Each structure stands twice: as C-alpha cells, then as structure tokens.
Participant: 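Just dropping this structure here.
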Amino acid sequence: MRLSAATLGRLAPGVERFAYDRKTQAAGIVHFGIGAFHRAHQAWYTDRAMDAGDRDWAILGVSLRSAGVAEQMNPQDGLYSVIERSAAGSRARVVGAVGRVLVASREPEAAIAALAAAETRIVSFTITEKGYCRAPDGSLDPALAGSGSVFRFLAEGLRRRRDAGLPGLTLLSCDNLADNGRVLERLLADYCARHDPALGEWIAANCACPATMVDRIVPATTETDRAEAAALLGLDDAAAVMTEPFSQWVIEDRFAGPRPGWEAVGAQLVADVAPYETAKLRMLNGAHSALAYLGLERGHAFVHEAIADPVLRPLVERLMRREAATSFAAAPGQDLAAYADALLARFANPALAHRLAQIAMDGSQKVPQRWLATLAAHQARGERCPAILAALGAWLRHLRGDGAPVDDPRAGELGAVVRATGLRPAAEALFGVGGLMASGWRPDEADLAAISAAA
Ligand code: NAI
Ligand code: CS2
C-alpha cells in the first residue's frame, strides 16, 4: 500500500507527521527543480513552519523537463517522507508541504499561471548549478537560456503579474552558487534586457532575490533506501528522501513581500549571508569535491570511506583549515575551526551512503566557487594551496576519462583538451582570465608542476 492522503492514518507508530489541515492551505510558493534536496530542506522547513501555525505556504513543485518526480509524488497527493540517518539509527517524518508537482515542458501554461497567481509570493529554485545557463565567464548564455529554461517561464509569469497589477515576487535561489541571489538577479536582468527591457525594469523595482546559504547532505535516493522507507513507514513511498540529522539555512532578510516564519523552525535570517556561504562552499563543498575526485581514484565509493583514508584525511583537513578557512574574512563569532570539526564528523556519518560519483558530477559548474576562488585569494597573497592543486590534478584526470564516466555538461569540450594536450598544458588552457574556465586564478610554474604530478 502506498503513502497518500487516504492512507496517512496507516502510518507506522513513531513516524512523525505534519498536523495542519492541508486542504485549507493556499500555495504561496512555487518551487523549480523539485529534486531530493528541496524535499529534505526548504519543504521540510516550510512544513514545520506551517505546523507552528503559519498558513498558506503550500508548495507547488515544478520540474522543468523530467516527469519522474511528478510520477513519484502526484499519486501520493504530494506526500513523502524525510528520513534522517545516523549511526544512532533512522527517524522519519512525513511532510505535507508539497501540494502537487507539474512538469513545465508538458504543461507550460500551468507553470506560467502558477507564477502569475495572486497567492504566489515566493518562487524558489534548486535547479542545479547548470540550470542557471551561464557561460564560463558567468554571463547568461543565450543559447542555453532558450525556450525550455527557467528564465523563459519566469519572464512570462512575471509579465503576466505586472499586467494584472499584482505585486512582485521574492525569487529565492537555493543552489550552491557563490552569491546565488545576485547571480539569479543579474542573469534574469540579462535575459530581460534581450527579450523585454521594460519587464526588466519592473522586476528590478518589484522583485527581490535574497542570497541563501543552504546546507544538508541529501544523497540521491536508491531502491534500497525506498525499501528502508517502506519498512519504517509501513507504507511504500516512491518519493522518500534520505538525509543527515544536520540542517542549516541562512537567508538574506530582503524579501519583496511576506514569507513563512522559517526562523521559528531553525533558519537564520541575516543581513549578510556571504561569510556563511563562502565558508560552506569553500570548506564543505571544496572538501567534498576533493574527496570525490581523489577518493574515486583511490577506489572508494562513498564519502565516509574516503574521509577515513589515512592519505586523504590530512589532505582534506589541510584544504579546509589552511586553504579554504584562511581565504576570506569570517563573520564576528563565526568559528571556522569548529566548523571544520563538525564537517569532518558529518562526512564520517556511516549511515548516509553518500556516493562520491554524485559529487563528481558537473565539476565544470562546481570547481570555480569551490576551489578557484580560494586559489585566487591565496595567490593574491603570494601563497600556494597544495591540497587544492592535488585535487585539481585528480579532476583533470577524471575529465580525461581515467575513471568513471564523466557526467558534466562540458565533458566533451574539456575532456578533449586534456586528452589532446596532457595535464599541464590543459591546466594552462583552462585557468586564467582568458582560459576555458575563465578564472581569476592563473597557475604559475610551481602550480602546474603540482597539478600534473603523478597521482
Ligand atoms: P536532484 O538531481 O534530485 O534534483 C535536481 C533538480 O534540478 C531536478 O528537479 C532536475 O530536473 C533539475 N535540473 C537538473 N538539470 C537542470 C537544468 N539544466 N535546468 C533546470 N533544471 C535542472 O538534485 P538535488 O539533490 O535536489 O540537488 C539540486 C541542487 O540543490 C544541487 O545542484 C545544489 O545546487 C543544491 N543542493 C543540494 C544539496 C544536496 O546535498 N543534495 C545540498 C545543498 C544544495
Ligand atoms: C555536494 C553537495 O553534490 C555535491 O556536489 O557537494 O550537494 C553537498 O552535499 C551539499 O552542498 C551539502 O549541503
């Protein structure tokens, strides 16, 4: 028997669930990219905010292309479970915040109508780094931002709101990009400048794009995970998500209109997200990507295995504590040494089964904010980052095709360069202002030697 509104009463005892009446809640949020992370993070916060008494923040999920999540969730009336895993055991909560999921490629008019609905006040995004359709220099790539992109839907929906005299929206990026709010704002402005400059002016005056730091490790759900979910719930759940007990959400307090009381359920609303976001991207995600490329080479499959490797652990500690943590100014009271300790403990969680191959995906979209910004900050001070350079070498070998298949939108282009020229010339071609990765950091002779050193 499958989880749904009709079967909720049959949940196994001990499973936590929302208590509010879903039927009376209007949809205040439209979310693009309703993957595993959104369900275990923003939707989970919103669910508990509604349990704490907030109203009308139900979420309409939108998938831009694939129907997979809609097929998992709609037969379950949008219900699903979040399962927190640790060495101490597993704990499940059924979340009621998502009403339904629509597939924009199949129902474009429904997606636009949802953006233009009076009750919608927030549009949020977890569309992955590549969903922002950026060229290597960070500007909008007009070819990528064509008819199926999120920008087309946003522009259509916001134009309809403007024409109907409705208020603007808060556009909340929850992806792992540096300064994600400003990036979204700038890319949408670029899109409007090409297609509808007057709309761009209306958006600038009526909408807001707060920055966010989002953190919760959410591995892709497997069939084994779904079997565990069924055993815990006493019901099948095709949309279950697995995660860790830890969660953090730091949000810039700059909304265009009302918002849920997320701070009542653990989110932090702050004036400046940058120090939290930079610490997270450079320390957590930077370490993750190093564990992925170096760990896969050393025969590991999971993060908890790679972090227990006596060769990798000191390298990752160095990357976090001596390279990433020293590359930016911490906020008052932000304890980066304690942050690194906590990250090491989270990586060691044996119950999470977080695959290195998942983290290795889309390196061309991740490496700039995870490693290159740290390298540039140290280069400006005449310092070098041996741990990141070792990880960069492993990434180039990964792109060359030495190991698992490369899953990256730029795999063909970047892989061809490494195969044709070798590691050292490839590093010269990729990094630097005019390079294929258009980075502010350009490797010098010693950096190139470190990158191309044998594994
Ligand atoms: P997922 O694979 O479960 O979901 C990804 C979503 O993005 C899907 O809805 C997919 O259709 C959409 N998408 C993929 N490519 C796209 C494209 N080119 N254009 C538009 N939409 C596209 O992945 P998950 O775990 O939900 O992660 C999504 C993002 O959330 C990550 O890329 C990251 O930025 C952020 N995030 C993820 C965390 C995690 O641990 N999984 C934690 C913190 C942030
Ligand atoms: C990971 C992140 O897949 C990846 O690249 O580094 O998704 C990581 O799990 C999250 O950012 C944790 O918040």
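Here the structure is a predicted model, which is why all the values come from computation and not from measurement. Ligands are counted one by one from 1 in listed order, and the atoms in each one are counted from 1 as well.
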Participant: I want to confirm something. Looking only at heavy atoms, which of Thr128, Leu177, Val214 is nearest to atom 14 (C) of ligand 1?
Facilitator: Thr128
Participant: Against heavy atoms of His354, which atoms of ligand 2 measure under 4.0 Å?
Facilitator: 9 (O)
Participant: Between Met50 and Asp56, is a side chain to side chain contact (heavy atoms under 4.5 Å, CB included) present by the stated rule, with each step listed?
Facilitator: CA-CA 8 Å; Met50 291 206 284; Asp56 298 336; over 6 Å; no
Participant: Could you tell me the residue and atom name of the protein heavy atom closest to atom 20 (C) of ligand 1, and the distance to it rounded to 0.1 Å?
Facilitator: Leu64 CD1, 3.3 Å
Participant: May I ask you to check if ligand 1 and Arg65 share an N or O to N or O distance below 3.5 Å?
Facilitator: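 Yes - when backbone and side-chain N and O of Arg65 are compared with those of ligand 1, one distance drops under 3.5 Å.
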Participant: For the side chain of Glu84 and the backbone of Ser90, is there at least one donor-acceptor N/O pair under 3.5 Å apart?
Facilitator: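 Between the backbone of Ser90 and the side chain of Glu84 there is no qualifying donor-acceptor contact (under 3.5 Å).
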Participant: What protein heavy atom sits nearest atom 41 (N) of ligand 1, and how far away is it?
Facilitator: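 Sorting protein heavy atoms by distance from atom 41 (N) of ligand 1 puts Val218 O, 3.1 Å first.
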Participant: Quick one: are the ring centres of Trp441 and Phe431 less than 6.0 Å apart?
Facilitator: yes
Participant: Could you check whether any side-chain N or O of Lys280 sits under 3.5 Å from a backbone N or O of Val214, counting only pairs where one atom can act as donor and the other as acceptor?
Facilitator: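 Side chain of Lys280 to backbone of Val214, a donor-acceptor pair under 3.5 Å: yes, one is there.
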Participant: Ring centroids only, cut at 6.0 angstrom: are Phe151 and His195 within range, meaning strictly under it?
Facilitator: no
Participant: With heavy atoms only and a cut-off of under 4.0 Å, state how Asp362 meets ligand 1: side chain, backbone, both or neither.
Facilitator: neither
Participant: With heavy atoms under 4.0 Å as the rule, classify the contact between His41 and ligand 2 as side chain, backbone, both or neither.
Facilitator: neither
Participant: Any nitrogen or oxygen of Gln358 lying under 3.5 Å from a nitrogen or oxygen in ligand 2? Just yes or no.
Facilitator: no
Participant: Heavy-atom distance to atom 38 (C) of ligand 1: which of Phe37, Tyr132, Phe32 wins?
Facilitator: Phe37
Participant: Is Asn176 close to ligand 1, meaning an N/O of one under 3.5 Å from an N/O of the other?
Facilitator: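 Checking ligand 1 against Asn176, an N or O pair does fall under 3.5 Å apart.
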Participant: Counting each atom of ligand 2 from 1 as listed, which ones have a heavy atom of Asn285 under 4.0 Å away?
Facilitator: 1 (C), 2 (C), 6 (O), 8 (C), 10 (C), 11 (O)
Participant: Give me the residue, atom name and distance of the protein heavy atom closest to atom 6 (C) of ligand 1.
Facilitator: Thr126 O, 3.6 Å
Participant: Looking at Ala117, is its backbone amide N or carbonyl O close enough to the side chain of Arg161 to form a donor-acceptor pair, meaning the two atoms are under 3.5 Å apart?
Facilitator: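 Pair found, side chain donor or acceptor close to backbone of Ala117.
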Participant: Taking distance alone, with N or O pairs closer than 3.5 Å, would you say Asp175 contacts ligand 1?
Facilitator: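 N/O-N/O distance below 3.5 Å exists for this pair.
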Participant: Looking only at distances, can you tell me whether any N or O atom of Asp215, backbone or side chain, sits closer than 3.5 Å to an N or O atom of ligand 1?
Facilitator: no
Participant: Among Glu244, Lys280, His288, which one puts a heavy atom closest to atom 11 (O) of ligand 2?
Facilitator: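 That would be Lys280.
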Participant: What part of Val218 sits under 4.0 Å from ligand 2 if we count only heavy atoms: the side chain, the backbone, both or neither?
Facilitator: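 Under 4.0 Å from ligand 2, Val218 contributes no heavy atoms.
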